[in-house]
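Below: the structure, in structure tokens.
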There are 2 protein chains.
Amino acid sequence: MARAGITADRLVEAAAELADTAGFDQVSLSALARHFGVAVPSLYAHVKSSHDLKTRIALLALAELADRGMAALAGRSGRDALAALGGVYRDYARAHPGRYAAARLPLDPQTAAASAGPRHSEMLRAVLRGYQVPAAEQNHAVRFLGATFHGYVSLELAGGFDHSSPDSQQSWSRAVDALDVALRHWPS
Amino acid sequence: MARAGITADRLVEAAAELADTAGFDQVSLSALARHFGVAVPSLYAHVKSSHDLKTRIALLALAELADRGMAALAGRSGRDALAALGGVYRDYARAHPGRYAAARLPLDPQTAAASAGPRHSEMLRAVLRGYQVPAAEQNHAVRFLGATFHGYVSLELAGGFDHSSPDSQQSWSRAVDALDVALRHWPS
DNA sequence: TACATTATCCTAAGGCCATTAGGAAGCGGG
DNA sequence: CCCGCTTCCTAATGGCCTTAGGATAATGTA
């Protein structure tokens with residue numbers, strides 16, 4: 001019987017692809033086994049469980065997002081950096097909704113610490129360097145930024161802005177402006 | 001055989017309770033059948049499907065949230081109204097995480113239109129009455145507010161703020177301040 | 001009260017999914 | 001060449017959702 005040549009990485013890649021096209025909740029070992037023309041239990045040679053597979057998608061998404069974020073932030077500051085980082089999140093979520101959903105998965109503490117998650121906080125903190133936010137307020141501002149980015153992307157992805165004018169691009173632009181204002185006049 | 005006295009409402013109430021205590025993803029017809037001491041297919045006399053049940057939890061949550069929001073907004077304006085409405089979302093999500101998760105479920109257009117969803121936009125719009133946001137900017141601001149509220153609550157619920165200082169209450173307070181600033185200096 | 005209707009509940013059965021156990025077969029190193 | 005590791009298989013278990021069709025309790029009516 002010819003081998004299918006499955007590796008953990010190829011599996012995760014295919015799973016991420018499936019998540020983006022069919023929805024994260026459609027990711028299953030069964031679906032992947034069908035995709036690779038293989039029996040379901042065969043996949044257990046590569047991943048520990050269905051949960052393990054989903055966690056790996058999350059780690060992939062967090063890493064891809066962090067890479068793009070770092071690239072976007074390079075050489076930018078202030079409002080430019082803010083818009084660039086926000087744009088990365090938004091664009092990634094629209095291009096890869098399944099991966100983005102995976103990235104919101106709760107991770108156990110060790111996994112989270114070893115993930116690209118910390119890099120995300122660092123990126124938000126880097127954006128703040130372009131504003132005069134007091135040191136003691138940095139964490140608050142990071143949380144505020146993260147919340148708004150995630151919230152907007154999440155609502156947009158859920159289709160919340162689909163059937164009402166004006167189009168989402170304009171609202172996004174305004175949201176970035178509003179964040180810029182809030183950071184420039186950070187309350188203390 | 002004694003009847004269990006199940007009604008659709010009691011079913012949804014129990015499901016919502018289960019969602020809050022065990023997690024929304026633990027809500028299943030099986031679990032509810034066990035809870036009521038009844039065979040699983042019996043539940044189909046009251047709900048059309050598992051999806052129908054979850055949708056009803058979402059409608060319940062949206063309605064409860066809207067009721068509390070309306071009550072909190074009564075007699076308040078400006079920053080007070082902003083903080084009150086935000087507090088309703090945050091407190092509800094912390095007290096009823098399962099219901100809050102249900103409320104984020106995508107609804108088909110008719111169901112959404114008949115739900116309490118529209119009341120939520122109205123509440124956000126009511127908050128804006130306390131600020132000088134131009135009419136053409138109202139939708140942008142509504143989306144911005146909704147995104148930040150939801151984003152913050154969502155991250156907090158996922159445990160994102162659990163293991164880092166300072167505590168989430170302070171960050172929340174700052175987030176409300178930041179929103180207030182953004183609305184008072186809305187970019188146009 | 002007796003009966004018919006309806007709503008509630010049941011068992012049986014089929015399908016999809018995840019997981020474990022244990023066996024066969026490809027593939028590379030010695 | 002062949003030993004061993006990895007990959008893959010079948011078989012079996014158990015959980016979930018759903019439909020079909022039958023029995024029974026509650027309700028209203030003659």
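Please read these numbers as outputs of a predicted model, since none were measured by experiment.
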- Item | Within residues 15-44 of chain B, residues whose heavy atoms come under 4.0 Å of DNA chain D | B:S28, B:L29, B:S30, B:R34, B:V40, B:P41, B:Y44

Side-chain donor-acceptor distances from residues 72-88 of chain B under 3.5 Å, at least two apart:
unit_1	atom_1	unit_2	atom_2	d
B:R76	NE	B:A72	O	2.8
B:R79	NH1	B:D177	OD1	2.0

- What pairs of residues pass the salt bridge (charged side-chain N to carboxylate O under 4.0 Å, His left out) test when at least one of them lies in residues 121-140 of chain B, not counting sequence neighbours? A:R174-B:E137

- Task: Can you sort out the partners of B:E64 under salt bridge (charged side-chain N to carboxylate O under 4.0 Å, His left out), two or more places apart, ordered by chain and number?
- Result: B:R99

- Message: Taking salt bridge (charged side-chain N to carboxylate O under 4.0 Å, His left out) as the definition, give me every residue that meets it alongside A:D91, ordered by chain and number, with sequence neighbours left out.
- Response: none

Euclidean distance, atom [atom1] of residue [X] to atom [atom2] of [N] [Å, nearest integer]:
X     : N      : atom1 : atom2 : answer
B:I6  : D:dA26 : CD1   : C1'   : 15 Å
A:L53 : C:dA18 : CG    : P     : 9 Å
A:K54 : C:dT19 : NZ    : C1'   : 13 Å
A:D52 : C:dT19 : CG    : C1'   : 14 Å
B:H46 : D:dT18 : NE2   : C1'   : 16 Å

Please tabulate, one pair per line, all N/O donor-acceptor pairs under 3.5 Å involving side-chain atoms of residues 36-47 of chain A, not counting sequence neighbours.
unit_1	atom_1	unit_2	atom_2	d
A:S42	OG	A:A39	O	3.1

- Item | C:dT19 OP1/OP2 closer than 4.0 Å to side-chain N/O of A:H51 | no

- Message: Could you check whether atom CD of A:Q132 has more than 12 heavy atoms from other residues, nucleotides or ligands sitting under 6.0 Å from it?
- Response: no

